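First, the structure itself, so that you have it in front of you.
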Protein chains: 2
Amino acid sequence: MSTPTIRDVAARAGVSVATVSRVLSEDPRTSASAREKVFAAASEMGFRPNAQARSLRRTRTDTIGVLLSDVRNPFFAEIAHTVAQTALESDIATLLCNADESTEQQDHALDLLVSQRVDGIIVTPQGDGSGSLRDVLKLGLPVVFVDRVIDGVDVPSVTSDNRSGVTAAVEHLAALGHRRVGFVAGPQETSTGRERLVAYREAIAAAGLDADPALVYQGDFRVASGVAGARALLDLDDAPTALVAADSLMTFGVLQECQDRGVRIGDDVSVIGYDDIDSFRLVNPPVTVIAHDPARMGALAVAMIRDLLAGEPVTSAVLASNLVERASTGPARRSA
Amino acid sequence: MSTPTIRDVAARAGVSVATVSRVLSEDPRTSASAREKVFAAASEMGFRPNAQARSLRRTRTDTIGVLLSDVRNPFFAEIAHTVAQTALESDIATLLCNADESTEQQDHALDLLVSQRVDGIIVTPQGDGSGSLRDVLKLGLPVVFVDRVIDGVDVPSVTSDNRSGVTAAVEHLAALGHRRVGFVAGPQETSTGRERLVAYREAIAAAGLDADPALVYQGDFRVASGVAGARALLDLDDAPTALVAADSLMTFGVLQECQDRGVRIGDDVSVIGYDDIDSFRLVNPPVTVIAHDPARMGALAVAMIRDLLAGEPVTSAVLASNLVERASTGPARRSA
DNA sequence: CTGAAAGCGCTTACAG
DNA sequence: CTGAAAGCGCTTACAG
C-alpha cells in the first residue's frame, strides 16, 4: 500500500485520474466542484505525488545537479547554499556532488547526474573537457560553468574577474614598498589557476617589481600546498616580504605556516588571501583579501540554467572582484 | 530522439529489451554472447539508463536526502561532504537541502524529498516533530537524525556527547582559576542547545563556580548572536573572565566581538569554542575548542540508512566529544 | 538463457 | 469540463 497514488485519490474523490492530475497540476480546465473533491481527498489521504512517475511522462525532472570541487571550501559552500535555496523556492531539487579536484570523480558524478536526468548541471569544471563532460554537452543538457571555465568549451559561465583582483593586490603591495612578492599559484589545469598567475606576472611587470621566477610556488588549491608554498617562499635566501595566495584553502595554509614559524603577519610579512571567507576577518590580524561574490554567482548560475531551459539566450557573466584591505598587509620590511 | 532507450539498444543488439535489462543489471541469467552484443550496442549508442523509469518500477530510487540547517556552517559542510562522497561510491545520489534554522523551510524541503521518493533522509531536525516530519515518519521512510534529536520522537540518531565536552571545558577553566564563566547558549528548541546548557549548569555547580544566571546569554546558533552574546556578557558590571560558545557560528561571533573591542583573547578573557573548525586553529591565538567528528557522523548516518533499508536493526550512536586545549584559554584575570 | 507482456504512477492528446 | 486510453523507460514474474 505505502503512499496512495493518484488512482486512490480519484476513487475517493469519485472522479477520473485525469481530473485528479489536472486539478493537482493547476490545469485551468477543471470545475470548482472537482477541485474541491480532489483537494479534500488528497489531503485526507496524505497524497504525495510521485516525482519519478511525473518526470518519466514529462520532459523534465525539476532537478538540477551541482558539481563542485569541494563543499568544505567555504567559497563553494556559499555557492551550494544559494543554489539549493534558490532552487527549493521553485520546488526544484538539488543533487550535490563533490569532485574533490579529481577528474575521475567528476566523471563519475556526471554519469550519475545524467542517469538521474537532471534538467541542468552547474559545475566547477575540471580537466580538459573530454570524458563525461563532453558526453554531457553532446546530449545537449544545459550546463553552466561556475567560477571556472574550460578553454575551447563553449558553455555559458559565471566567473569572477581574476585579473582585476590580483592586479589590485599587487598594486597595493607595491604602494606599501614591497619589491619581492611571493605567489602561491593554483593548479595550471584550472582556468582560475592560470588566469591568476598570468595576472600576477603582468601586474608585477607593470609595477616594476622583482620578477624572479623563484617567487612563484606551484600549489594545488589545497591547504597543504599553502603551507608548503609559504614554507618554500619564506625559506628563500632572498625571501619575499609579501605573500599572495590564489585561493582560500591555500590562504589558510599560508596563514598556518606563518603562525607556526612565528612570523608576524602584517609586520614581518604581508599576506593577501583569496575569497572573503568569514574567518579571514577574525584572524588576528584580519586578512586583506581579494573578494568575490559566491552567493551572487550561485544565484546567477541558477537563473542561467532556467533561461537555458526556457530556450532563452544566455550570456556569460564576469563578476567584479575587488581588494578588501585589512591589517595583514603593511609596509615592506627588509627581507630575511 | 534525445538519448537512446533500452529499446533502441535492444534493436541494435538484436535481442529483446528484457535481455538488455538483464545484462545491464548484471543478472546472471544471461549468455556470454548476449552480454557482448548488448554492451557493444549500449556503448556505441552512448546509452544512459533512465533512473526515473528504473525507480518507478523498482521500490527504490538510489537517492537519499540530506537536510541540514545550513551548509555554510563548516561543521555541516563536513557532514554534507562525507555523505555525498560515501553515497556516490555506491552510486547513490544525494539531494541537499538547507533548513536555515526554519521549521517552515524544513517542512518544505521534507515535502520535496518525499515527492522525490528518496530512499532515506538524514536530517538535522528542527522543531517539535510535528508538521512534515511526522508525516515522513508515518510513511515509514527511513530517517536518521544527525547531530540533533527530537525528544519523544523515536528515530535512530548519530549525535555527539554534549555533556562530556562542556564539562571538560568548564573544568579546564576552573583549573585555570576562572570563577565566572559566561555561556553563549544555543536555541532551547534544539536538543544540542538544551543539552549543552544543562551540562554547563551542572559543571558550574560541580566545580563550585559562580552560578549567576546573568552569565548565560541566550543565542540562536547564528554569528550575530555570538557577537551580541559576547557584548552583553563582557558589558556586565561583574563581567566573566571566560566565555564558552555553544556552536561554531556563535564562536565566530564571540571572537569577532572580542577582536572588535580590543580584548586580548587568552589573556584578558579566555574563550572556548565549539566544533573544531580548521580556521579556529589559525586564529591568533588558536582557539581552545570542544571537538566532535562530523566526518564520522556523516559516514555513520549513511551506514545507518543503509542498514534501515536492508531491514537490519540499527542502534543510535553517541560519539565522544573532547576538549582541544590551545592558546585562547589562560589563567583568570581580575574581571573588569 | 530468452522473450512477450504487464505494470510502476503519472500526463496528455483525443473524443465527447 | 471530463474520462478512457496510450505511453514515458524501465523491471520482473511467467512461460518456454
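Scope of the values below: all heavy atoms of this structure, side chains included, with no hydrogens, waters or symmetry mates. This one's a predicted model, so the numbers in the text were calculated from it and none came from an experiment.
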Of Leu56(B) and Val15(A), the one whose closest DNA chain D nucleotide lies more 5':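 Its nucleotide being nearer the 5' end, the pick is Val15(A).
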Under the side-chain contact (heavy atoms from CB on, under 4.5 Å) test, residues paired with Val318(B) that sit two or more places apart: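 Expected list: Thr159(B), Asp161(B).
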P gap between dC1(C) and dA5(C), integer Å: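 Approximately 23 Å lies between the P atom of dC1(C) and that of dA5(C).
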Rounded distance in Å between the C1' positions of dT12(D) and dG16(D):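 These two C1' atoms come out 16 Å apart once rounded.
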Reference residue Val23(B); test side-chain contact (heavy atoms from CB on, under 4.5 Å); the match among Val9(B), Thr30(B), Val15(B):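 Running side-chain contact (heavy atoms from CB on, under 4.5 Å) over Val9(B), Thr30(B), Val15(B) with Val23(B) returns exactly one hit, Thr30(B).
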Nucleotide-level pairing of DNA chain C, given in dot-bracket where Watson-Crick and G-U pairs need both distances under 3.5 Å and | marks other strands: |||.||||||||.|||
Thr30(B) side-chain N/O to dT2(C) phosphate OP1/OP2 under 4.0 Å: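 So the side-chain polar atoms of Thr30(B) never come under 4.0 Å of the phosphate oxygens OP1 or OP2 of dT2(C).
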Under 3.5 Å donor-acceptor, Asp100(B) side chain and Ser102(B) backbone: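 Absent.
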For Gln126(B), all residues meeting side chain to side chain donor-acceptor pair (under 3.5 Å), sequence neighbours excluded: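 Residues passing side chain to side chain donor-acceptor pair (under 3.5 Å) with Gln126(B): Glu101(B).
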Heavy-atom side-chain contact between Arg296(B) and Leu319(B) under 4.5 Å: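 They are in side-chain contact.
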Residue-level proximity of residues 32-41 of chain B to DNA chain C when a heavy atom falls under 4.0 Å: Ala34(B)
Asp27(A) CG - dG3(D) P separation (whole Å): 13 Å
4.5 Å side-chain heavy-atom contact, Asp128(A) and Ile150(A): no
Reading 5' to 3' through nucleotides 10-16 of chain C, protein heavy-atom contacts under 4.0 Å coded B for base, S for sugar-phosphate only, - for none: BBBB---
Residues 132-144 of chain A, side-chain donor-acceptor partners within the protein, below 3.5 Å, at least two apart:
from      : atom 1 : to        : atom 2 : distance (Å)
Ser132(A) : OG     : Asp107(A) : O      : 3.4
Ser132(A) : OG     : Asp111(A) : OD1    : 2.9
Asp135(A) : OD2    : Arg48(B)  : NH2    : 3.2

Euclidean distance, Ile122(B) CD1 relative to Leu67(B) CG, rounded to 0.5 Å: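 If I round to the nearest 0.5 Å, the distance is 11.0 Å.
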